[in-house]
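Note that this is a predicted model, so its numbers are computed, not measured. Heavy-atom basis, side chains included; hydrogens, waters and symmetry copies ignored.
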Amino acid sequence: MPNDAMMEPRLPRNPAPAMRWSMIALTCLALLLGFAFQGTRGLWSPDEGRYTVAALQMLDTGNYLAPAYSPDEINFSKPPTTYWVIAASMKVFGRNTWAVRVPYALAFLCTVWLMLAAGRVLISEKPWLPGLVYACAAAPSLMSNIVSTDAFLTLCETLAMVGFLHAAFDENERGRKRYVLLMWLGWGLAFLTKGPPGLLPLLAVIPFIARRDGWRGLGRFFPLAGIVLFLVIGLSWYVVVVVRHAGLLDYFLRQEVYNRVFTAAHRRNAGWFGWIKVYVPVLVLGMLPWWPATIREARRWFSAKRWSGKPTAEMFVVLWFFLPFLVFCLVQSRLPLYVLPLFAPLALLLALALRDRIDLRQTRQKLLLGAWIVVLLAVKATVAYGWHSSLDNRKAAQELSAMTATSHYNAVIVVENTTLGYDIEEQTPWGLRLYMEKPVYGIAYHAPDGAQTLCHALHNAGKALVVINPDLGPGALGPVLAQCPAHVTPLGTWRRNALALVEL
């Protein structure tokens, strides 16, 4: 078993050749796993369509500061980085599903590169191993095909922590300052991507440095230049939109921070058991195939003898994983993708445990690794080609287009049986906009301003395809349209929803 001295990171004397070939091999692997089947499957509701429609709204209106679902509904539930990246990709590659997902394959590739950089610090004799573990782990590979904020958050947090690893263990004073700034650049980008959750790895940085170098040692990692860099990148957008939109600060603090942390308002697996149901299967299955070979080594992560000794890089990586994980367990809003950033430190821990066991010069190990890559690609292919999900917005768009082939309309309005804007966000197939090339509106029928909102959407569209929740019944539009007289043409039923063409 490695002793503490073996856990001290050390940079190789001449790393260039090994790093070059490692980067080439890992790049090829990440490109294969990341780009496979990216444009095959349609956008799924709700999140994939929601992020895409906000990016399309930015492209169509030129308003890149205020994310919106439609001309009538601004959406500040997430900072703008995800929307900006998707919009930029569609600007370059066109308005199609592949373009929407290209940034996720690139984020996966860049995260693998960063794991290689972290491996250079932690496992100098096999710097490629953390990148290999991360690239071949089931969750990071499969989640590179899912449109969300979490892939970009993982990239930004890993960038920050690679900067910290180099700054904390690089003896070159000049180099350390450069990596500290890289760390704060990562924090700024992480905060602009998902807000406060992007700073969770700081929970590991602060106690580790305080114990190793004393509280005064923290000053080297919190320089004025780094703080300013973080404020400019991470907070400037928040300041601008809070000034421009009254009540937005209260929304951020109450709805997006307090309610997510302490209440079940978002209805996302709250309660004491929720984290077990959501996070444990993701971490266990998502880290295959590496767990079986490392489960025994995990015991020493909690050894009292190890924690009473000199702080080591391995101890820091343990903190990096477990302290944010504890917060995820306590927070009452929980979804499987939330823990994707934890796969970076987890991959480092497993790489440390496997450093003496993995030898790709052995034919058997190469064959096993190749077989696992085939399994990952097969799973991706099954989801892409064989998963006929009712949440597929491209399939829904094809069905609606076939039913309305001879009709002309300017927008799609989805009327739901609810009073809550949150339910509208979850139930509306926002991805229809990408495939039907028309604005999509979500209307809460029973909301106090439901009739007014519907009339305003119809006024904007002139003529719209209205999709009415089956629980409301086909006559639901009658009382509402009395306030804004319109001509209604029934079109039958689609997936139990009543369809109508409505023209003012």
Side-chain angles (χ1 to χ4, degrees), residues 7-11 79 81 110-111 114-115 117-118 120-122 152-240 242 249 252-253 256-257 261 307 310-328 330-331 341-342 344-345 348-349:
M7 291 296 103
E8 285 298 322
R10 51 195 183 277
L11 299 182
T81 298
C110 292
T111 305
L114 289 172
M115 297 301 293
R120 185 184 175 190
V121 176
L122 295 175
F152 301 136
L153 180 64
T154 301
L155 173 61
C156 296
E157 286 188 8
T158 307
L159 175 67
M161 297 304 268
V162 167
F164 171 77
L165 287 172
H166 280 270
F169 301 107
D170 191 340
E171 297 179 357
N172 186 310
E173 182 68 25
R174 186 175 180 180
R176 181 187 302 125
K177 292 180 179 179
R178 182 173 66 248
Y179 284 117
V180 167
L181 292 180
L182 179 66
M183 178 182 73
W184 284 105
L185 169 66
W187 294 137
L189 292 172
F191 200 82
L192 189 61
T193 299
K194 206 170 182 178
L199 302 182
L200 284 179
L202 273 174
L203 296 175
V205 169
I206 294 174
F208 179 82
I209 293 300
R211 181 180 176 190
R212 193 190 72 169
D213 303 335
W215 289 106
R216 291 186 178 181
L218 286 172
R220 294 187 295 119
F221 296 89
F222 287 77
L224 178 60
I227 301 298
V228 170
L229 183 63
F230 167 77
L231 293 175
V232 170
I233 295 175
L235 290 183
S236 55
W237 174 81
Y238 290 92
V239 173
V240 171
V242 164
L249 181 60
F252 281 146
L253 296 178
E256 296 301 323
V257 177
V261 174
W307 285 92
K310 178 182 177 182
T312 64
E314 186 183 37
M315 291 170 59
F316 168 72
V317 179
V318 172
L319 292 175
W320 177 8
F321 173 79
F322 280 101
L323 292 182
F325 178 64
L326 178 61
V327 174
F328 280 128
L330 295 175
V331 168
L342 297 184
L348 286 171
L349 283 174

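- Not a single ring pair (Phe, Tyr, Trp, His ring centres under 6.0 Å) links Phe328 to another residue, sequence neighbours left out.
- Residues Phe222 and Ile206 form a side-chain contact, since some pair of their non-hydrogen atoms from C-beta on lies under 4.5 Å apart.
- With sequence neighbours excluded, the residues satisfying side chain to side chain contact (heavy atoms under 4.5 Å, CB included) with Leu330 are Leu326.
- Annotation: ring pair (Phe, Tyr, Trp, His ring centres under 6.0 Å) contacts of Phe321 (sequence neighbours excluded): Phe325.
- Qualifying side chain to side chain contact (heavy atoms under 4.5 Å, CB included) partners for Ala204, counting only residues two or more places apart in sequence or in other chains: Phe316, Leu319, Trp320.
- Between His166 and Tyr179, the two ring planes are parallel [angle under 30°; tilted spans 30° to 60°].
- Every ring pair (Phe, Tyr, Trp, His ring centres under 6.0 Å) that Phe152 has, sequence neighbours left out, goes to Tyr104.
- Listed by first then second residue, pairs satisfying side chain to side chain donor-acceptor pair (under 3.5 Å) with a partner in residues 188-206 read Asp150-Lys194, not counting sequence neighbours.
- Aromatic ring centres of Trp184 and Phe221 lie farther apart than the 6.0 Å criterion allows.
- Annotation: side chain to side chain contact (heavy atoms under 4.5 Å, CB included) contacts of Leu189 (sequence neighbours excluded): Cys156, Leu159, Leu185, Ile233.
- Within the 4.5 Å cutoff, the side chain of Pro79 has no heavy atoms near those of the Phe191 side chain.
- Expressed to the nearest 0.5 Å, how far CG of Leu192 lies from CG of Leu153 amounts to 11.5 Å.
- Of all heavy-atom pairs between Pro341 and Glu157, the closest is CB-OE1, 3.3 Å.
- Here the side chains of Leu122 and Glu314 are not in contact, with every heavy-atom distance at 4.5 Å or above.
- Applying the side chain to side chain contact (heavy atoms under 4.5 Å, CB included) test to Val240 and every residue at least two apart in sequence or in another chain returns Leu65, Arg244.
- Using a 4.5 Å cut-off on side-chain heavy atoms (C-beta onward), Val180 and Arg220 make no contact.
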